[in-house]
Trainee: 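Structure in structure tokens, see below.
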Amino acid sequence: MVIFALSVLLVMVGLSMLLSPSILGFVQANAAGGCVNYEFSANIINVSCKVNLSEIYKAVNNKNVLEKDPHRVWILNATIKVNPRATLIINQTDTSWLKITNKNNTEPNFISVSGALKIDGIKITSWDPSSKNVIRQNVNGSIPRPYIIFHKGSQSANITNSEIAFLGYASKSGGTNGFLYYHGGNGSSILNNTFHDMWDGFYSDSVGFITIKNNRYYNNLRYGIDPHSGSHDLTIIRNLVYNNSKIGIICSQDCYNIQFSNNTVHDNGLAGLMFSIDTNNSIAKNNYAYHEKIGISIYQSSNDKVYDNLVKSTNRGIYVAGRSSGNHIYNNTITNGAVGLYLHLDNNSRNNIYENNNLKNITHSNKRIAFVENTFTYAAYRNSSFYNFYNFYKKYIPITENPSTVSTITTGLNLLKNRPIPHGPFPYYAHPGQPPSIPYIEYFRVLLQHVKTKDPLVTNITDVDVHEGKIFRTNGSNAYDILFLFHNEYVTQSEYNNLRQFLSNGSIIVFTEANALYAEVNYNKTNDTITLVRGHEWRFDGSASRSIGERWLDENKEWTGSNFLDIPSTSNITYKNNPFNYVHGEEQYVTNPHAKILLDYRASFSLDKYPNVTVATYQMNYGKGKIINLGIWGHELIKNAAFLNYFDNVIMPIALSSTDKIKR
């Protein structure tokens, strides 16, 4: 009886042990050599050896904890703790994307490393199974999101060729920055990765000898790269850091021996690069900072060197403040900023050395300029397009005073619809049948070169960009201060409306060619083509018929201030005031009495259609913005020194100044 009772007891104890979550985890761990232990009650996977996700998956054997699809995409519904002397490997062998979920609404899962972590060639993000999307953050960082943290004693963590995004939040207890080296991970390397939409792209505390090289950091909610609190001997080199809400690259609070080298930073919220609060004996060299409020800042820091940097289009190029002393700032080039070198003496910054810094054009405010490539017009002028249609029917259907009396056309319509838009470098073009002799592209290049002497950061955009509203920010404000338009003869209604709104919002448009905004086309995004709608004496709505010449005749008069002087280039027009020896080609004539005439060419010709017209270069305010219109075929004057001098010394100063009604 005693033996039987003992046997029953042993069976019951054994069964109880098998049903125990902790023992169950232990049994599962045996499948991976006894080094993976899943704690059911805490929802934690403990790793005590060198493993990858597939080996963890086999050991845990629970799809509710770790799930994989056929495309090597994992969903992690637990926390992974990599214990001392253990290594977790996440690479392309078995992984393309690791998605980490939250434990609940207030507690995220995360990866905690006290051993080693190797990540290569994969993607890691947060994940919300209910929305089947990443977890996006608010500006306060209050939404809990998964993160990765390296603890004290952890070995080097090598992160290469990967994308890490949508991690981290602002926890009151700290340590949830997104990608954090916390007293551990000395000697790590972070190479060739992309970090975006994190709370912090990189954050460290009391860590040294880390190399951060050839990475891209953007759209992070606080900082791109932020070594902090005693971080030292970090090499931060050749990274691209932009659009982070606060500072691109910063080291703050008792940092030392930090090197910022050959990085490009732009469009960050507060500053590009910064040594802050006792960051000492550090170097910022050969960096390129542009479109920043402050290019490079030294604040409450001493004995640092800032040299051989290029800073463009910033409000303050290099800023020193807050009892900073003994810093050496030399051989930097600072251009196109409101202030080049700013020393805040009120904060007792002293004994700083400035020498051999090259400051150019720092009195101008930063202007965001775009040249609009007239790709819609090029598509219309290409062979097998609109002008082949125009020229063919010109012989048979004369222009009448009453276009409605002319029969519709039903043949050759393929020349008016779905005409492909060219790609690649902006090309020049000519009327069909002519050699490519009209030097539009050369004109574009010459003016671009001249504008860049005033502001080197000029963006090239296309008609498609304007059509899609990319001249505006997401909040509706203008993304540029100045647009230069060329032979933008054919535009969509959306492009036309956007240009008008851009002007009304308070920016400047420079029309460098006559005959802009003349005819309407539709743009087909799917096949990247245009189709004629109306203008240039034709309309197309499935069949073609004669129509108006200038599509927006009255509207152009109202806000651009002029209309196209529709006279053949073979007609005899003379100009009594002609400092550029200009020969009639295509011109505008001023039709708005509010236009301010800058140069009246005093056109003279005999044509009843246009009595007493004024062909002129002019400017006109509209809304909060300003129009500058050359009024002539500018591309004919690209080799004319007097014209280019006029452009540099009259047109550009007006364009770079604030409009009369703009509120800055």
Side-chain angles (χ1 to χ4, degrees), residues 21 24-40 42-103 108-129 132-135 145-151 154-168 178-180 185 188 190-195 198:
L24 181 61
F26 175 78
V27 172
Q28 291 168 336
N30 283 333
C35 65
V36 177
N37 184 329
Y38 174 57
E39 297 178 36
F40 179 84
N43 194 34
I44 294 174
I45 301 170
N46 289 292
V47 174
S48 301
C49 63
K50 186 176 182 179
V51 294
N52 60 20
L53 291 178
S54 293
E55 291 167 323
I56 294 175
Y57 177 79
K58 291 177 182 178
V60 174
N61 192 27
N62 187 337
K63 292 184 178 180
N64 292 324
V65 176
L66 183 62
E67 180 181 0
K68 177 185 179 183
D69 74 10
H71 304 290
R72 297 179 296 128
V73 176
W74 297 89
I75 297 180
L76 174 63
N77 294 310
T79 289
I80 295 179
K81 286 191 174 181
V82 183
N83 294 316
R85 295 181 296 280
T87 301
L88 174 61
I89 298 174
I90 311 175
N91 60 26
Q92 292 177 323
T93 302
D94 62 349
T95 304
S96 63
W97 186 356
L98 172 60
K99 303 173 178 179
I100 310 174
T101 66
N102 280 344
K103 183 185 299 184
N109 294 308
F110 56 96
I111 296 177
S112 171
V113 181
S114 296
L117 177 65
K118 298 183 185 299
I119 297 173
D120 181 56
I122 57 94
K123 180 177 180 179
I124 300 178
T125 68
S126 59
W127 191 251
D128 181 359
K132 296 183 179 180
N133 204 342
V134 297
I135 304 172
R145 295 195 302 184
Y147 55 94
I148 299 172
I149 183 170
F150 302 89
H151 288 287
S154 63
Q155 304 164 41
S156 62
N158 298 324
I159 316 298
T160 54
N161 309 308
S162 297
E163 178 183 359
I164 299 177
F166 300 102
L167 300 177
F179 194 79
L180 167 65
S188 295
I190 303 172
L191 311 175
N192 306 313
N193 305 284
T194 296
F195 294 84
M198 311 278 281

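Keep in mind that what you see is a predicted model, and the values were worked out from it rather than measured.
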Trainee: Does Asn193 reach the main-chain N or O of Ser162 with its side chain, forming a donor-acceptor pair under 3.5 Å?
Mentor: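 Pair found, side chain donor or acceptor close to backbone of Ser162.
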
Trainee: Can you sort out the partners of Tyr147 under ring pair (Phe, Tyr, Trp, His ring centres under 6.0 Å), two or more places apart, ordered by chain and number?
Mentor: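 Only Phe110 meet the ring pair (Phe, Tyr, Trp, His ring centres under 6.0 Å) criterion with Tyr147.
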
Trainee: Mind running side-chain contact (heavy atoms from CB on, under 4.5 Å) on Ile56 and Ile80 for me, showing each step along the way?
Mentor: CA-CA 10 Å; Ile56 294 175; Ile80 295 179; 4.3 Å; yes

Trainee: Does Leu167 offer a backbone N or O that forms a donor-acceptor pair with the side chain of Arg145 under 3.5 Å?
Mentor: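 A pair under 3.5 Å: yes.
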
Trainee: Which pairs of donor and acceptor atoms, one on a side chain in residues 44-53, lie under 3.5 Å apart (sequence neighbours left out)?
Mentor:
unit_1, atom_1, unit_2, atom_2, d
Asn46, ND2, Glu39, OE2, 2.4
Ser48, OG, Asn83, ND2, 3.3
Asn52, OD1, Ser54, N, 3.2
Asn52, OD1, Glu55, N, 2.9

Trainee: Mind listing the closest non-hydrogen atom pair of Ala116 and Val82 along with its distance?
Mentor: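 Closest approach of Ala116 to Val82, heavy atoms only: O-CG1, 3.6 Å.
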
Trainee: Hey, are the side chains of Leu76 and Thr101 touching, using non-hydrogen atoms and a 4.5 Å cut-off?
Mentor: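 When only atoms from C-beta onward are counted, Thr101 and Leu76 do not touch, as no gap falls below 4.5 Å.
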
Trainee: Taking Trp127 for its side chain and Asn102 for its backbone only, find out whether a donor-acceptor pair lies under 3.5 Å.
Mentor: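 Side chain of Trp127 to backbone of Asn102: no pair is present.
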
Trainee: For a quick test of reading the model, state the closest non-hydrogen atom pair linking Ser114 to His151 and the distance between them.
Mentor: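 Residues Ser114 and His151, closest heavy atoms: OG-CB, 3.8 Å.
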
Trainee: Tell me if a side-chain donor or acceptor on Asn43 pairs with a main-chain N or O of Asn77 at a distance below 3.5 Å.
Mentor: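 At least one qualifying donor-acceptor pair exists.
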
Trainee: Within the distance-only criterion (no hydrogens, no angle test), does the side chain of Asp128 pair as donor or acceptor with the backbone N or O of Lys132 below 3.5 angstrom?
Mentor: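 A pair under 3.5 Å: no.
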
Trainee: Could you tell me the separation between the CD1 atom of Ile149 and the CZ atom of Phe179, rounded to the nearest 0.5 Å?
Mentor: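 Rounded to the nearest 0.5 Å, the CD1-CZ separation comes out at 11.5 Å.
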
Trainee: Quick one: do Thr95 and Ile90 satisfy side-chain contact (heavy atoms from CB on, under 4.5 Å)? Show the steps, please.
Mentor: CA-CA 7 Å; Thr95 304; Ile90 311 175; 4.0 Å; yes

Trainee: When you check the side-chain N and O atoms of His71 and Ser96, is any donor under 3.5 Å from an acceptor?
Mentor: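 Not at all, the side chains of His71 and Ser96 share no donor-acceptor pair under 3.5 Å.
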
Trainee: Can you give me the closest heavy-atom contact between Gly185 and Ser188, atom names plus distance?
Mentor: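 For Gly185 and Ser188, the tightest heavy-atom pair comes out as O-OG, 2.5 Å.
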
Trainee: Under 3.5 Å, which donor-acceptor pairs link side chains of residues 118-126 to any protein atom two or more places apart or in another chain?
Mentor:
unit_1, atom_1, unit_2, atom_2, d
Asp120, OD1, Thr160, OG1, 2.5
Asp120, OD1, Asn161, ND2, 2.8
Thr125, OG1, Trp97, NE1, 3.0
Ser126, OG, Ile135, N, 3.0
Ser126, OG, Phe166, O, 2.6

